[in-house]
Amino acid sequence: METNERTERVDLAAVWGQFCGLLNEAGDVITRDGRPDDPLDRAEGFRMLTRLMRGALETYLEHSDPSHPDLVCTCHETIKIVAENPDNLYLGAALDGSREYRVWGTRGDARWISFNTFAGGGFGGGGAGTGTTLHEHQMAFGPDGAFEVILSGREHPGTTWLPIVPDTKSLTIRQTFARKGIDRPAEIHIEVLDGDAAPPPPLREETVARALLTTGHYIRAVAEMGASWADRSARNPNVWIDAQDDDTRAFKDPQITYHQAYFDLVPDEALVVEFTPPPCDYWMIALHNHWMETLDYTHHTITLNNHTAEVEPDGSVRCVIAPRDPGVPNWLDTAGHLRGLVGVRWVGDDVPDVLPTSRLVLLGD
C-alpha cells in the first residue's frame, strides 16, 4: 500500500473488496470445525463480529492519529473483547513512540487504576504484548486527586513517568470500580507535548485503506483468539483449568491474575463455585458466552465482586451459576445460556494465586 501522491492513487474499491474478504474469513471462524451450532451461540458469534468492527473502526479510523490523540472507550456494554471486565472503564489512545505526551486529570473513586502501553497493533493486532506499565502506587496525587503522567522516551524528573519506546503505538487505561455506575470515574485528558496546535489534515485515501485492512485483520484475529481459547476450555467442562495461551497472556496487566472454567449445564443443574479470595485490591467473578463476551450485565446479575458478593464468616465465597434463581446468595444468572465461561480475577501487587473449585448440583438441592 506504499503510494506516491504524484503518480499513484490507492484503489479504495479494491481495498474494500479485501476488507469484505477478511470479514468473510472472520465469519468462517464462527462456523468451522464443529463450533457451537446452538442458535443462541451462532447469533451471538455473528453479533460479536459486528461489535468488533464497530470498535476497531473507532480505533483505527476515527481516532488513529497519534498527533491528535483522544482517549476513547471502545469496550463497553455493547462492544466486548475476549473476557473483558464489566467493572472496568477502558480508555485507549493512539501513540507515536518517538513523541512525548502528557496525561492528566483527577483520581475519581476507582478501586484500581493501571496504564499499559503496547507496540505493534496491540491486543489482537500482533506485537510483543504489554510494554510498559504504571499503577496507582507509582503515581503522585494532589489533595484533590489531581495527577499528571508524562509518556516519553526520556525521564522527566519531578513527574510521574511512563516510559515509551520508538515502536510504542497505543495506550490503554483501566479503571476498576467496586460499584460501576455509582463510583465517580477519573477525569482524564491527553495531549502531545512536542507538537503544534494545527488541526488534523484532510482525510487521505491511504488512511482509509490502512484502517479498513487493519480492521479486517483485527476482527478475524480476535474472533479466532476468543473462539480458540473457549474451545480449549470446553474440552474440560465445569473444571477450572489454565486454557489461556500466549496470544492473550502476553497482553495482560502484570497485576491481574485470571482463571476460568467452561460451564455446561442442563436446565435443572447449577454449578457451585467456591473460593477464598486472596488479599488483594479487588476481585471479581463474571459469566461469559461461548465467544468469551460477558453476558448481558445491564439486565442480569452475571458478575459479583468484593463489594457486591456475600462473604462467609470464614472469608470464603460460594457462587451459584444457574439458569434460574435458586433462592440462595450469590446467584449468577446465565441469562438464557446453558453453556459459556465463568472467570475470576485477583487484582493487585504481589497477590497470592487461588484456583476456585466447582461442582455440579441439581437446582432442587
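Residues R174 and I256 form a side-chain contact, since some pair of their non-hydrogen atoms from C-beta on lies under 4.5 Å apart. Within the 4.5 Å cutoff, side-chain heavy atoms of V103 are placed close to those of L171. Between H307 and Y282 there is no side-chain heavy-atom pair separated by less than 4.5 Å. Residues D38 and R339 meet the side-chain proximity criterion, which asks for heavy atoms closer than 4.5 Å. Side-chain contact between L212 and T215 is absent, with no heavy-atom pair separated by less than 4.5 Å. Using a 4.5 Å heavy-atom cutoff, the side chains of L287 and T334 are in contact. Inter-residue side-chain proximity for R154 and W161 is flagged as unmet; no heavy-atom pair is nearer than 4.5 Å. Inter-residue side-chain proximity for N306 and R111 is flagged as met; some heavy-atom pair is nearer than 4.5 Å.
Connection of F263 to L40 is not established within any shared hydrophobic cluster, with ILVMFWY side chains joined at heavy-atom distances below 4.5 Å, either directly or through further cluster members. Both V317 and V351 are members of a single hydrophobic cluster when ILVMFWY side chains are connected at heavy-atom separations under 4.5 Å. In terms of hydrophobic clustering, with Ile, Leu, Val, Met, Phe, Trp and Tyr side chains grouped at heavy-atom distances under 4.5 Å, W331 and Y297 are assigned to different clusters. If you chain together hydrophobic residues whose side chains sit under 4.5 Å apart, L57 and L49 fall into the same group. No continuous path of ILVMFWY side-chain contacts below 4.5 Å connects M284 to V344, so the two sit in separate hydrophobic clusters.
A tilted orientation is assigned to the rings of W16 and F19, their planes being inclined by 30° to 60°. The aromatic rings of Y258 and W229 stand perpendicular to each other, their planes meeting at an angle above 60°, with 30° marking the opposite boundary.
Checking side-chain atoms of D96 against main-chain N and O of S67 turns up no donor-acceptor pair under 3.5 Å. No donor-acceptor pair closer than 3.5 Å links the side chain of H337 to the backbone N or O of H288. Looking only at distances, no side-chain donor or acceptor of T308 sits under 3.5 Å from a matching main-chain atom of L304. With S152 contributing its side chain and E100 its backbone, the two residues share no donor-acceptor pair below 3.5 Å. At least one donor-acceptor pair closer than 3.5 Å links the side chain of W291 to the backbone N or O of D41. The closest donor-acceptor contact from the side chain of K80 to the backbone of L295 lies under 3.5 Å. N289 places a side-chain N or O within 3.5 Å of a backbone atom of E293 that can act as its donor or acceptor partner. Without hydrogens or angle criteria, D268 side chain to L362 main chain gives no donor-acceptor distance under 3.5 Å. At distances below 3.5 Å, not a single donor-acceptor pair connects side-chain atoms of E58 with backbone N or O atoms of G55. Panel note: side chain N305, backbone A178; a donor-acceptor pair is recorded below 3.5 Å.
A side-chain donor from one of S233 and Q260 sits under 3.5 Å from a side-chain acceptor of the other. When only modelled atom types and interatomic distance are considered, T294 and E84 share a side-chain donor-acceptor pair under 3.5 Å. Side-chain N/O atoms of D253 and S114 include a donor and acceptor closer than 3.5 Å. There is no side-chain donor-acceptor pair under 3.5 Å between R345 and T176.
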Derivation of the side-chain contact (heavy atoms from CB on, under 4.5 Å) call for I285 and F275
CA-CA 11 Å; I285 181 170; F275 52 87; 4.1 Å; yes
Report the C-alpha separation of H290 and Y262 in whole Å, then their side-chain angles, then the decisive distance to 0.1 Å, and conclude whether the side-chain contact (heavy atoms from CB on, under 4.5 Å) test is met.
CA-CA 8 Å; H290 179 79; Y262 195 95; 2.8 Å; yes
Would M292 and M48 satisfy side-chain contact (heavy atoms from CB on, under 4.5 Å), going step by step from the backbone distance to the final call?
CA-CA 10 Å; M292 297 193 63; M48 173 186 67; over 6 Å; no
Verify side-chain hydrogen bond (donor to acceptor under 3.5 Å, both in side chains) between R54 and T78, making sure each step is shown before the conclusion.
CA-CA 10 Å; R54 286 162 48 212; T78 62; 3.1 Å; yes
Under the criterion side-chain contact (heavy atoms from CB on, under 4.5 Å), I'd like the reasoning laid out for V222 against I81: C-alpha separation, chi angles, the key distance, then a yes or no.
CA-CA 8 Å; V222 174; I81 307 172; 4.1 Å; yes
Applying ring pair (Phe, Tyr, Trp, His ring centres under 6.0 Å) to H76 and Y90, what does each step give before you reach the verdict?
CA-CA 8 Å; H76 46 70; Y90 296 92; over 10 Å; no
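Between R179 and D183 there is a salt bridge, since at least one side-chain N of the basic residue sits less than 4.0 Å from a carboxylate O of the acidic one. Look at D109 and K180 and you find no salt bridge, because none of the NZ, NE, NH1 or NH2 atoms lies under 4.0 Å from a carboxylate O. A salt bridge does not link E312 to R318: none of the charged nitrogens lies less than 4.0 Å from a carboxylate oxygen.
Counting non-hydrogen atoms of neighbouring residues, nucleotides and ligands closer than 6.0 angstrom, the CG atom of D350 reaches no more than 12 such neighbours. The number of heavy atoms from other shown groups lying within 6.0 Å of CZ (R42) is above 12.
Pairing each heavy atom of I321 with each of L265, the nearest pair is O-CD1, 3.9 Å. Closest of all the heavy-atom pairs between F147 and A140 is CB-O, 3.6 Å. Across all their heavy atoms, T133 and P254 have their closest contact at CG2-CD, 3.6 Å. Closest non-hydrogen pair, E155 versus P157, comes out as O-CD, 3.5 Å. Of all non-hydrogen atoms in T303 and L332, the two that sit nearest each other are N-CD2, 3.6 Å. When all heavy atoms are compared, the tightest approach of V273 to P356 is CG1-CB, 4.0 Å.
Of the inter-residue distances, the one linking L162 atom CG with F115 atom CZ reads 8.0 Å to the nearest 0.5 angstrom. Rounded to the nearest 0.5 angstrom, R359 CZ and E274 CD are separated by 4.5 Å. Rounding to the nearest 0.5 angstrom, the gap separating the CG atom in L151 from the CD1 atom in I190 is 6.5 Å. The CD1 atom of I241 sits 10.0 Å away from atom CG of L355, with the distance rounded to the nearest 0.5 Å. In this structure, N330 CG and E310 CD are separated by 6.0 Å, a value rounded to the nearest 0.5 Å. To the nearest 0.5 Å, atoms CZ (R51) and CD1 (I79) are separated by 8.5 Å.
Taking the six-membered ring for Trp and the full ring otherwise, the centers of H259 and W346 sit at least 6.0 Å from each other.
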